[in-house]
2 protein chains.
Amino acid sequence: MSLRYALLGLLADEPASGYDLTRKFERALQRYAWHAQHSQIYPELGKLAADGLVEVIAEGARGRRTYAITEQGRTELRSWMLNPPDVFVVRHEFVLRLFLLSTLDPEDARAVLRPVAQESARELATLRESLDRAEATAPPGTELALGRLVAEYGLRSFQTMHDWALWALDRIDQVEAAKAARPAG
Amino acid sequence: MSLRYALLGLLADEPASGYDLTRKFERALQRYAWHAQHSQIYPELGKLAADGLVEVIAEGARGRRTYAITEQGRTELRSWMLNPPDVFVVRHEFVLRLFLLSTLDPEDARAVLRPVAQESARELATLRESLDRAEATAPPGTELALGRLVAEYGLRSFQTMHDWALWALDRIDQVEAAKAARPAG
DNA sequence: CCACACATGTAATGTGTTACATGATTAT
DNA sequence: ATAATCATGTAACACATTACATGTGTGG
């Protein structure tokens, strides 16, 4: 069901074609929230149109169809946003690997964590830079670009991941040192 | 494919039955990393056994079968852990909602964020409590337990979410106040 | 004229959820 | 006895990925 609302949400921001939406997923949503391929998006747009939640507002070259959200679609999206489930769907292969870290010996665990610490730091820097640029461009106190909220969340999440990776690396070293100190244990 | 490695990882920690594994998913993995129901776990255990990656080491009451990982299974798991993909599978309905927050007006956005701040605080308290209890029980410097890394990551994630939700609520108020101060803008 | 990006679609297969189905053991 | 928990399994359906398939417009 989430795909349906992801599409409605993107179309609530601005009209787009299936092709556009496919790229939006790749650029914005895939890394943090949700992913979908065009083979899933096109049929779903068809269903949304059949249900009256979106409509074709323009047809262009190469069979391009631009969709826009309808009033009914906005109502439906709002209702979904205001009624969250008790338990959210979470599927995060990266975090899964973190959880299984203790199945590795300390050397392997470090080999997994080092790139994590590195890449989260790099991602962090990229995000912070593009955020600073956006901040500098827009005059202060203007319209709440809610994209600002999301960016901040991404920033904090990567910071947390980075800090945690460093903490875990340190922890592994400590346990190893303790083990070396009492070889009989 | 991830389910397969999640199971191998849990069995690498200790032998377990399908029933045990189902509860481990519910308690430990579901909220952060991955979820699976028993209807998916039992067939997958069968496949893993057929592939020689796990084996039945005991049969108990009520048809209970306890599985353990094999040497081949450990090799397979290690290879998966040490070879991460370029792009991780991520599906996070909560973050998706954050992305779509900008489709709501400020009042609705606050209505979404308030329970986030509340529930993350509650979750945080629960986690911290059970962590403190575990810390007090186990002697320091002992074996690096699987649960310890998981708990720490959970703790930090919820702390991050909580702090962010408060920050976001504050930010929305600020922008609204600024708007009210210059009604012509 | 040719490569690349644009643009859409379906079929086969794999993964995941919900519902259906059954029965044993344990604690009260 | 009886309710709760333990314990496993399959079938139907929904969702998601990969592969197959086709054609158009644009820039070099």
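Reckoned from all heavy atoms, side chains included, excluding hydrogens, waters and symmetry mates. Below, chain A is the first sequence line, B the second, and so on; all start at residue 1.
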Rounded to whole Å, how long is the line connecting atom NE2 of H38(B) with atom P of dA7(D)?
14 Å
Choose from dG16(C), dA24(C), dA16(D) the nucleotide whose nearest atom is closest to any side-chain atom of Q40(B).
dG16(C)
Does any donor atom in the side chain of T22(A) or H38(A) lie under 3.5 Å from an acceptor atom in the other side chain?
no
For atom CZ of R65(A) and atom C1' of dT24(D), their distance in whole Å:
14 Å
What's the closest nucleotide to the side chain of Y42(A) if the choices are dT18(D), dT8(C), dT8(D)?
dT8(C)
Hey, does the side chain of T22(B) come within less than 4.0 Å of dA7(D)'s phosphate (OP1/OP2), counting only N and O?
no
Hey, does the side-chain of H35(B) have a donor or acceptor N/O within less than 3.5 Å of a partner on the base of dG16(C)?
no
Quick one: which of dT25(C), dG16(C), dA7(C) gets closest to the side chain of R62(A)?
dA7(C)
Any donor-acceptor pair under 3.5 Å joining the side chain of S39(A) to the base of dT18(D)?
yes
OP1, OP2 of dT18(D) versus side-chain N and O of Q37(A): anything below 4.0 Å?
yes
Sugar-phosphate only, base, or nothing, as touched by R23(A) at under 4.0 Å among non-hydrogen atoms:
sugar-phosphate
Categorize R91(B) for me: base, sugar-phosphate, or nothing, with a 4.0 angstrom heavy-atom threshold over every strand shown.
sugar-phosphate
Taking the nucleotide of DNA chain D with the closest heavy atom to each, which residue, R64(B) or G63(A), is nearer the 5' end?
R64(B)
Just the rounded figure in Å: distance from C1' of dT10(D) to CD1 of I41(B).
15 Å
Does R97(B) make a cation-pi contact with W80(A), if we ask for NZ or CZ under 6.0 Å from the ring centre and within 45° of the axis?
yes
How far apart are the closest heavy atoms of L29(A) and A6(A), and which atoms are they?
CD1-CB, 4.5 Å
Starting from P on dA7(C), measure out to CG on L21(A) and report it in whole angstrom.
12 Å
Taken to the nearest whole Å, NZ/K47(A) to C1'/dT8(C) is 16 Å
Check ion pair R110(A)-D105(A) (N to O, under 4.0 angstrom)
no
Atom CE of M1(B) and atom C1' of dG16(C) are separated, to the nearest Å, by 13 Å
Strictly distance-based, threshold 3.5 Å: is any side-chain N or O of T70(B) a donor or acceptor partner for the main-chain N or O of G52(B)?
yes
Which nucleotide in the list dT18(D), dA7(D), dC6(C) gets nearest to the side chain of Y19(A)?
dC6(C)
For E44(B) and dG16(C), give me the distance from atom CD to atom C1', rounded to whole Å.
12 Å
Using whole Å, report how far CZ of R4(B) lies from C1' of dG16(C).
16 Å
